[in-house]
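Read through the structure below, which is laid out as structure tokens, and then see the notes.
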2 protein chains.
Amino acid sequence: MALDARAQHLLKQLIEQHIASGVPVGSRQLARDSGLQISAATVRNVLADLEDEGLLMAPHTSAGRVPTRAGYRFFVDSLLQTLPVAPEARRLVLRRIGEHIPDTDEVLHAATEVLSRLTRMAGFVRVPRRATRILRHVDFLALREREVLAIFVTDRGDVENRLIRLEQSLDQSQLAQAANYFNATYGGKPLQEILWQLQRDLQENRDELDRILRNAMELGEEMLDADAERILIEGELQLLDLPDFADNERLRELLQAVRRKRDLVHLLDQSVRGSDVRLFIGEESGYAPLADCSVVAAPYSVDGEVVGVIGVIGPMRMPYHEIIPLVDGTARALGKALSSELPGHP
Amino acid sequence: MALDARAQHLLKQLIEQHIASGVPVGSRQLARDSGLQISAATVRNVLADLEDEGLLMAPHTSAGRVPTRAGYRFFVDSLLQTLPVAPEARRLVLRRIGEHIPDTDEVLHAATEVLSRLTRMAGFVRVPRRATRILRHVDFLALREREVLAIFVTDRGDVENRLIRLEQSLDQSQLAQAANYFNATYGGKPLQEILWQLQRDLQENRDELDRILRNAMELGEEMLDADAERILIEGELQLLDLPDFADNERLRELLQAVRRKRDLVHLLDQSVRGSDVRLFIGEESGYAPLADCSVVAAPYSVDGEVVGVIGVIGPMRMPYHEIIPLVDGTARALGKALSSELPGHP
DNA sequence: GTTAGCACTCACGCGGATCGAGTGCTAAGG
DNA sequence: CCTTAGCACTCGATCCGCGTGAGTGCTAAC
């Protein structure tokens, strides 16, 4: 293929105009506004070539042209000039996030919400994997016969609790002993490491351990095993307003899919590798309900390690030049807000 | 007004047919299907009277008639014959709820979800007020400088945590002492009672209390003060499918309003008084976004005391004869599931 | 390679005709 | 006085045909 400079310029112009207006762009308008001294007929020739390349398509014979998925892809890869984030937007993001430090859940919520509001699209955030967090404190409480409530707290103050069913019953003093042992042994270590160690120890030495010890470890293993795959979604109803989704059906599927969340997880976890903004345009996500959408996702890092992803979901026709830097900036701000080195806390 | 028997019968027939079909009902059809031996012209006379009474309205001159809000109200108050819940539905409700006993949150979730699924409308539940729950256990953890994580557990295993900012900083051993004192003093008492007692004691004796004691009590007060007003909503997107909401705008407002939840709280708390199913038809809710909807809400009781409300939100045109008993039955099942006297646990 | 010209296509909006369901009114009959 | 048949009328829904205009592809000349 190899597009010459003029073709690229026209493609860029066309996509930018389409993003701004939402309607198909025709040759006359393009010839007039492109800045090039060429006629509409010449433009038509070029557009025909671009259509052959699969970068554009015409909804019907006598309409102008709109970008295809491939067209958007080429555009963002080779033609896009991003804009610095508007100062008001930047300030708003920082303020909203800052208000909720240091409550992790609240910060995530605020970041997603502000992103959604500024973009007028659906915002999402992949909640940080707990695996890298440090265990702060554990409690085991006897709830009913053979049911134990396990509560654990990380160094960031995130509290999780799980109900565990036992085969044998334990009284509260036994549980307290187990918790003491557990806190002494594993407090201050990362959850993931604790889980590995538990699994290893239980497998190797099961029979030699005394009862309390074994109880503690079995409880701990059950407690840590499921690292809930959580995603927050915010403002997805804004998609109802977008003209791109004016007609029904597919949007409904999208909303439902987004609500189910489950399938989004693996998509987003792809983005965790690498530290840059990642785009999924249309079918690139490999996920049918998102076929008409683009996903802009940026990983965020806490204390130097990527722990989650934040971004937006919207129509393919979105102002990438604004959205991408905004998502990127929000991810950075979020990472900073969640890191332990807060301004003023050296 | 005082409608004669024939008028009531025709009104009942008309509303039932309209609920079933969704389209305006005309005089001919009604004369044919009503079972009465009267002509369409006679029916027309009666319908005209009912329209004068404000129970019916005609969307336009040459359409049939549809019930007004007042019409539905009269219908459910005086004409409605409810149907026993279908055995499969009953079984499904019991099974879904039963699967998640004894986890309160999961049970609530399951109950709302099954209600939403069976009715194809939005399900909601007003989460039980914690005020009546018994305090089981408290922990205070020093998180950062002057920030304390307070965790408390009720006798049902519900875990709540709050971040508390202090004016002075406390080290972990002081916090542990405070927690010990708190557990010893207030463990086993209802949260509401504890809060009252704390507030009274702090006011009266503030200056005489020793430091640890005062810390414990101040932490406790902060912790219990806000009884979060929580509502779960499930399946609200199903409303998008209903022909009654086919057109746009108002539905969007509804969905957003439902998401905000806040305003729903006071509406639902009205239903807590009394133990019966309560209906809000159209504007009766006094809440603009619900003007086109009906809300069916049934309070549920745990251990003999009403603690919350469960129900559905849907169009005014809903099969009340099925929905009402279903909501009622689900509320009972929910209450039973959350009560401490479980089958087999005397 | 570029451009002007031209025939062609097709979505869209508009007015008019038709259809049919359903009404209100009137007058006759029990 | 209530009921009923008859009838003119209303009005939304549907379809049809037409004109319009934007935009295209092709061809031939520059």
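Throughout, protein chains are lettered first and strands after them, A, B, ... in sequence-line order, and every chain is numbered starting at 1.
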Of the nucleotides [options], which has the atom closest to the [X] side chain?
X       : options               : result
B:Leu47 : D:dG21, D:dT4, C:dT23 : C:dT23
A:Arg44 : C:dG24, C:dC6, C:dC10 : C:dC6
B:Arg6  : D:dT3, D:dC11, C:dC10 : D:dT3
A:Ser62 : C:dG24, D:dT4, C:dT9  : C:dT9
A:Thr42 : D:dG6, C:dT2, D:dC11  : C:dT2

Exercise. Quick one: on DNA chain D, does A:Ala63 or B:Ile38 contact a more 5' nucleotide (nearest heavy atom)?
Worked result: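 Mapping each residue to its closest nucleotide by heavy atoms, the 5'-most match is B:Ile38.
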Problem set entry | First encountered from the 5' end of DNA chain D, between B:Thr61 and B:Asn45 |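 Closer to the 5' end of DNA chain D: B:Asn45.
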Is it the case that the side chain of [X] and the backbone of [Y] share a donor-acceptor pair, with hydrogens and angles ignored and the cut-off at 3.5 Å?
X        : Y        : answer
B:His321 : B:Leu80  : no
B:His18  : B:Val25  : no
A:Ser116 : A:Ala122 : no
B:Thr68  : B:Gly54  : yes

Exercise. According to a strict under-4.0 Å criterion, is A:Ser27 in side-chain N/O contact with OP1 or OP2 of D:dT24?
Worked result: yes
For this session: Please check the phosphate of C:dG24 (OP1 and OP2 only) for any side-chain N or O of B:Arg65 closer than 4.0 Å.
Result: yes
How many Å lie between [atom1] on [X] and [atom2] on [N], as a whole number?
X       : N      : atom1 : atom2 : result
A:Glu51 : D:dT24 : CD    : P     : 9 Å
B:Arg32 : C:dA21 : CZ    : C1'   : 13 Å
A:Leu36 : C:dT2  : CG    : P     : 11 Å
A:His60 : D:dT24 : NE2   : P     : 10 Å
A:Asp52 : D:dT24 : CG    : C1'   : 14 Å
B:Leu50 : C:dG24 : CG    : C1'   : 16 Å
B:Asp49 : C:dG24 : CG    : P     : 10 Å
A:Gln17 : D:dG23 : CD    : C1'   : 15 Å

For this session: Please report the shortest heavy-atom distance between B:Glu51 and B:Arg65, naming the atom on each side.
Result: OE1-NE, 2.7 Å
For this session: Return the 5'-most residue of the pair A:Ala41, B:Arg28 with respect to DNA chain C, ranking by each residue's nearest nucleotide.
Result: A:Ala41
For this session: Just call it for A:Gln37: base, sugar-phosphate, or nothing, with non-hydrogen atoms closer than 4.0 Å on any strand.
Result: sugar-phosphate
